[in-house]
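This report refers to the structure that appears directly beneath it.
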Amino acid sequence: MKNYMQMAQTLNSCLRVNMWKALFSFLMMSVLESLFMTSFSFFAMLIISSRENSIAVFVISLIFLFVGFVFVMILQYGYHVLLLRMLRNEYVTLGFLFNGFRERKRIAKASALYSLGFILAFIFCQIVVLVLKIRNPDFFTGLSLPELAGRIFAVYMIFVLVLLVPFSFVWVCLADNPDEKVLRCFKKSFVLMKGRCFRFCGFVIYAGGFWLAAAAVIYALSLFLPKNLSGAASFLASIFEFAYFIAAYTAFVRMCMAVPLFYLNVTGSLVEIENAGKLPAPAACLPESISAEVTADSENIE
């Protein structure tokens, strides 16, 4: 296997050619995902923000949340296909982002399994919150809604990472094996990731590189900016926000591409792709009649 630096060189080489395609596709995917999740997670947000403990509301919110996750995961498949084709120097258009809808019979099943993982993480998160409320009723007292949501989201993301990181290669496995059953692709991803989870997570962060660090620094500095700014200070704050936008989205694109790149490295396909352009040109083969004429001409010249 190649090390982080060697894989990063391949990533940089690919993005020098395809950055705008990858970034524009990511922006479109982000907008569509936001629309889906905003539409389907309304009841789930009610559970977090209200004190009502109705089982019916809880079940309805989970159903809406599940459907929203399914649509999001279908788009994620398309984006992984697009990035995988970029790494292989294959033809790429924006239409590949919607490949999951074209292959909806297989991809909907995989998306449902992924979404089930998100729902389980959500349930675990609710259990943790409930336990904290019972053991320490004052734990959430005095917190604003954004602070409360932020803490719950942090716990939720921990559960998501633990449950789903071993299956990070499912989309590329499905794309590479169109006749393979969905469950076998989940199993293959688990086997490929076995013993490599920390190395994989490390490379995803490493792939973010300078852009991820810049986004983190800009975000941290923005927390100290006054909320009410005017004049030149407001203009500088806008530039600050634009810089954060560029750095964050560039980092996200690089980190997304790190997933299929790591997969190619694990399966050995990355070496084959890189060596494909280094193979010597095949020797020219002439028909026997032409070859005989060329030989005779050369003898006559001598």
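These figures come from a predicted structure and were not determined experimentally. Computation of the quantities below employed the complete heavy-atom set of this structure, encompassing side-chain atoms and omitting hydrogens, waters and symmetry-equivalent molecules.
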> What is the ring orientation for Phe200 with Phe169, classed by angle as parallel under 30°, tilted 30 to 60°, or perpendicular over 60°?
Replying inline: perpendicular
> Shortest non-hydrogen contact from Leu163 to Gly117?
Replying inline: CD1-O, 3.6 Å
> Is the number of heavy atoms from other residues, nucleotides or ligands under 6.0 Å of Arg104 CZ greater than 12?
Replying inline: no
>> If you count heavy atoms of other groups shown closer than 6.0 angstrom to CZ of Phe101, is the number above 12?
In response: yes
>> Under the rule for salt bridge (charged side-chain N to carboxylate O under 4.0 Å, His left out), what residues qualify as partners of Arg196, not counting sequence neighbours?
In response: none
> Does any non-hydrogen side-chain atom of Leu120 lie less than 4.5 Å from one of Phe159?
Replying inline: no
> Between Arg254 and Ala207, which heavy-atom pair has the shortest distance, and what is it?
Replying inline: NE-O, 2.7 Å
> When rounded to the nearest 0.5 angstrom, what is the spacing between CD in Gln76 and CD1 in Ile107?
Replying inline: 12.5 Å
>> I'd like to know if the side chain of Asn265 and the backbone of Leu261 have a donor-acceptor N/O pair within less than 3.5 Å.
In response: no
> So if you build clusters from Ile, Leu, Val, Met, Phe, Trp, Tyr with side-chain heavy-atom gaps below 4.5 Å, do Phe26 and Phe24 land together?
Replying inline: yes
> Same cluster or not: are Leu161 and Ile158 linked, directly or through other Ile, Leu, Val, Met, Phe, Trp or Tyr residues, by side-chain heavy atoms under 4.5 angstrom apart?
Replying inline: no
> For Leu84 and Val172, which heavy atoms make the closest approach, and how far apart are they?
Replying inline: CD2-CG1, 4.2 Å
> Rounded to the nearest 0.5 Å, how far does OG of Ser25 lie from CG of Leu97?
Replying inline: 6.0 Å
> From Ser13 OG over to Asn18 CG, what is the distance, rounded to the nearest 0.5 angstrom?
Replying inline: 9.5 Å
> Is any side-chain heavy atom of Lys109 closer than 4.5 Å to a side-chain heavy atom of Leu183?
Replying inline: no
> Just by distance, do the side chain of Thr267 and the backbone of Leu264 share a donor-acceptor pair under 3.5 Å?
Replying inline: yes
>> Under 3.5 Å, is there a donor on one side chain and an acceptor on the other for Asn177 and Arg184?
In response: no
> Looking at side-chain heavy atoms only, is the closest gap between Leu113 and Met73 below 4.5 Å?
Replying inline: no
> Is Phe98 close to Leu75 at the side-chain level, that is, under 4.5 Å between some pair of heavy atoms?
Replying inline: yes
>> Is it the case that the side chain of Gln6 and the backbone of Asn3 share a donor-acceptor pair, with hydrogens and angles ignored and the cut-off at 3.5 Å?
In response: yes
> If you round to the nearest 0.5 Å, how far is SG of Cys173 from CZ of Phe167?
Replying inline: 11.5 Å
> About how many Å separate CG of Leu11 and CE of Met257, when rounded to the nearest 0.5 Å?
Replying inline: 6.0 Å
> Backbone N or O of Pro166 within a donor-acceptor pair of the Ser189 side chain at under 3.5 Å?
Replying inline: yes
>> With side chain to side chain contact (heavy atoms under 4.5 Å, CB included) as the criterion, how do Leu65 and Met37 come out once you've worked through the C-alpha distance, each side chain's angles and the decisive distance to 0.1 Å?
In response: CA-CA 7 Å; Leu65 198 62; Met37 291 310 299; 3.9 Å; yes
> What's the shortest heavy-atom distance between Ala22 and Met86, and which atoms?
Replying inline: N-CE, 3.6 Å
> Should the pair Phe262 and Phe203 be assigned to parallel (<30°), tilted (30 to 60°) or perpendicular (>60°) ring geometry?
Replying inline: tilted
> CE/Met29 to SG/Cys256 distance, rounded to the nearest 0.5 angstrom?
Replying inline: 5.5 Å
> Quick one: does Tyr206's side chain have a donor or acceptor within less than 3.5 Å of a partner on Cys201's backbone?
Replying inline: no
>> Could you tell me if the side chain of Glu180 sits less than 4.5 Å from the side chain of Lys188, heavy atoms only?
In response: no
> Going through the checks in order, is the side chain to side chain contact (heavy atoms under 4.5 Å, CB included) test met by Tyr263 and Val259?
Replying inline: CA-CA 6 Å; Tyr263 164 81; Val259 177; 5.9 Å; no
> Can any side-chain N or O of Arg85 pair as donor or acceptor with the backbone N or O of Tyr91 at less than 3.5 Å?
Replying inline: yes
> Would you call Phe66 and Phe118 a side-chain contact if the rule is heavy atoms closer than 4.5 Å?
Replying inline: no
> Less than 4.0 Å between a side-chain N and a carboxylate O, is that true for Arg106 and Asp179?
Replying inline: no
> Looking only at heavy atoms, which two atoms of Ala258 and Val204 are closest? And how far apart?
Replying inline: CB-CA, 4.1 Å
> Going only through I, L, V, M, F, W and Y residues with side-chain contacts under 4.5 Å, is there a path from Leu23 to Phe245?
Replying inline: yes
>> Within the structure provided, determine whether Phe69 and Ser111 are in side-chain contact (heavy-atom separation under 4.5 Å).
In response: no
> Should Val17 and Leu15 be regarded as members of a common hydrophobic cluster, given that ILVMFWY residues are connected when their side-chain heavy atoms come within less than 4.5 Å of each other, either directly or indirectly?
Replying inline: no
>> Given 3.5 Å as the limit, does a donor-acceptor pair link the side chain of Thr250 with the main chain of Trp211, or not?
In response: no
> Quick one: does Tyr79's side chain have a donor or acceptor within less than 3.5 Å of a partner on Phe96's backbone?
Replying inline: no
> Should Leu27 and Leu94 be regarded as members of a common hydrophobic cluster, given that ILVMFWY residues are connected when their side-chain heavy atoms come within less than 4.5 Å of each other, either directly or indirectly?
Replying inline: yes
> Closest heavy-atom contact between Tyr4 and Phe198?
Replying inline: OH-O, 4.3 Å
> Taking the inter-plane angle between the rings of Phe252 and Tyr249 on a 0 to 90° scale, is it parallel (under 30°), tilted (30 to 60°) or perpendicular (over 60°)?
Replying inline: perpendicular
> In terms of ring plane angle, is the pair Trp171 and Tyr77 parallel, tilted or perpendicular, where the classes change at 30° and 60°?
Replying inline: perpendicular
